[in-house]
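All heavy atoms count here, side chains included; hydrogens, waters and symmetry mates do not. From a predicted model like this one, the values you see are computed outputs, not experimental measurements. Every chain is numbered from 1, with letters handed out A, B, ... down the list of sequences.
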There are 2 protein chains.
Amino acid sequence: MLIQSQLEKLRSYYRKTGTLPTYAEMQEVLGYKSKSSGYYLVNKMVQYGFLRRKNHKILPGRNFTGLPYYQSVKAGFPSPAEEEANDRLSLDKFLVDKPNSTILIRVKGDSMTGAGIMEGDIVIVERTGGAGSGDIVVANLEGEFTVKTLIRKNGRLYLEPANANYPVLDLESFPSHSLVGVVKGVARKYGLQRA
Amino acid sequence: MLIQSQLEKLRSYYRKTGTLPTYAEMQEVLGYKSKSSGYYLVNKMVQYGFLRRKNHKILPGRNFTGLPYYQSVKAGFPSPAEEEANDRLSLDKFLVDKPNSTILIRVKGDSMTGAGIMEGDIVIVERTGGAGSGDIVVANLEGEFTVKTLIRKNGRLYLEPANANYPVLDLESFPSHSLVGVVKGVARKYGLQRA
DNA sequence: TAAAATAGTGAACATTTGTTCACTTTTCAA
DNA sequence: TTGAAAAGTGAACAAATGTTCACTATTTTA
């Protein structure tokens, strides 16, 4: 059997369960009649960098997770169908540096479209102290989240939209206000109900 | 020990290795002196939905992976620091529906800024046959990737930018052209070198 | 402070797992 | 077509794993 199709089956199993199969389970997943077949397959996949071993356990390797990633455009680049991308990128790992202090917030409104943040987008927000002037931040104003660019001017903090139809807000003029965090990334999905 | 902090340790272990620790390994990870302590902890976490069990194996549960997700803005919503989000969202799973036929491409140029796709963004591209009029697509023109809106007019296919400074392209006028796939999502990371 | 509930311990044991080996079958190249 | 290389088989076994139990320590609550 082709190694690429076996790899896809392991990836699919891992996506579904969050773990790799044991050698016994590989019989079912890959159609083997023997446990040891799985064992030898894993050896091969370790060589390719798809899997790793660590004290009797099988772990995903660097080429196992993530998606094929085309970094830049080379002149005369062949169709991606023909040639495999050599790099893989995991969106989760790419977008989130500090998973312990990161939250996701769905954006309402169009006040930041000029900065490429559209209604329904999900912003990746790091809840770490220092927000600097020019950072895109999420502020909590009167219990509502709002995404704006933070501007520090004359010692005061302002929230600046990226859409001429909206006004600049004076953060401290709100009786109840706080900075939720700094926007470190944006994720958008097309073809979704935007309710 | 607080369950929340134990959970973070397991999450962190899982992020690093791609697998959950065995009960023996939990002694090291969680500071237990006994294997069975880990066993009872897992029981508790199964109740909370953080973990699952399936034939002698521990699997991540629905509340284990992903990030806290604030779906919508409720009036009088408390600070996220005070109240835990009840929902978790995995960016990978959210952004990618068909992992087997999806690739990532880094965007060059600013021809789609009007649609919220900026230079350096990563587009999530599904390499499945049918692209319809109005879809944002990636086309391969003379070996270069380009992101545009596909328009079908009078039986011909055009590539329409979302930036007035760029012209509409006639797809079939290029000697070598092909549709790479349909853009199903966008991921952007701030604070990155954009070379 | 005392009682009750929760969390952690350490030994024991059956199962399952990873791993090896000699062997057979299949695939591929000469 | 034949021979060599690669892939898969099935039995065997040691080591690691999950699981239970009776017990102790710690934390919580009344």
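With rounding to whole Å, A:Met26 atom CE is found 16 Å from D:dA7 atom P. In this structure, the CE atom of A:Met45 is 11 Å from the P atom of D:dA7, given to the nearest Å. Nucleotide D:dG10 holds its P atom 7 Å from the NZ atom of A:Lys33, rounded to whole Å. If you take NZ of A:Lys44 and C1' of D:dA5, they are 12 Å apart, rounded to a whole angstrom. In this structure, B:Leu2 places its CG atom 11 Å from P of D:dT27, rounding to the nearest Å.
Ring geometry, A:Tyr14 versus B:Tyr14: the interplanar angle falls under 30°, so the pair is classed parallel (tilted spans 30 to 60°).
Residue pairs meeting the salt bridge (charged side-chain N to carboxylate O under 4.0 Å, His left out) criterion with at least one member in residues 34-55 of chain B: none, sequence neighbours excluded. Within the structure, salt bridge (charged side-chain N to carboxylate O under 4.0 Å, His left out) pairs that include any residue of residues 18-28 of chain B comprise A:Lys57-B:Glu25 (at least two apart or interchain).
Between its opening and closing five pairs, the helix from C:dT1-D:dA30 to C:dA30-D:dT1 changes axis direction by 50°, a value rounded to 10 degrees.
With sequence neighbours excluded, the residues forming a side chain to side chain contact (heavy atoms under 4.5 Å, CB included) with A:Thr17 are A:Tyr13, A:Thr19, B:Leu59, listed by chain and number. Scored by the side chain to side chain contact (heavy atoms under 4.5 Å, CB included) test, A:Glu160 finds A:Thr149, A:Ile151, A:Val168 as partners (sequence neighbours excluded). Under the side chain to side chain contact (heavy atoms under 4.5 Å, CB included) criterion, A:Asp170 pairs with A:Arg156, A:Tyr158, A:Glu172, A:Ser173, sequence neighbours left out. Taking the side chain to side chain contact (heavy atoms under 4.5 Å, CB included) definition, one finds that B:Ser37 meets it with B:Tyr32, B:Ser34, sequence neighbours left out.
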Under 4.0 Å protein heavy-atom contact, by nucleotide of nucleotides 14-22 of chain C - B base, S sugar-phosphate only: --SBBBBB-

Using residues 90-100 of chain B as the side-chain source, report each donor-acceptor pair under 3.5 Å to any protein atom, sequence neighbours left out, with the distance given to one decimal.
| from | atom 1 | to | atom 2 | distance (Å) |
| --- | --- | --- | --- | --- |
| B:Ser90 | OG | B:Lys93 | N | 3.3 |
| B:Asp92 | OD1 | A:Leu91 | N | 3.4 |
| B:Asp97 | OD1 | A:Lys189 | NZ | 2.9 |
| B:Asp97 | OD2 | A:Lys189 | NZ | 3.2 |
| B:Asn100 | OD1 | A:Arg15 | NH2 | 3.4 |

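One can find a donor-acceptor pair under 3.5 Å joining the base of C:dG10 and the side-chain atoms of B:Ser34.
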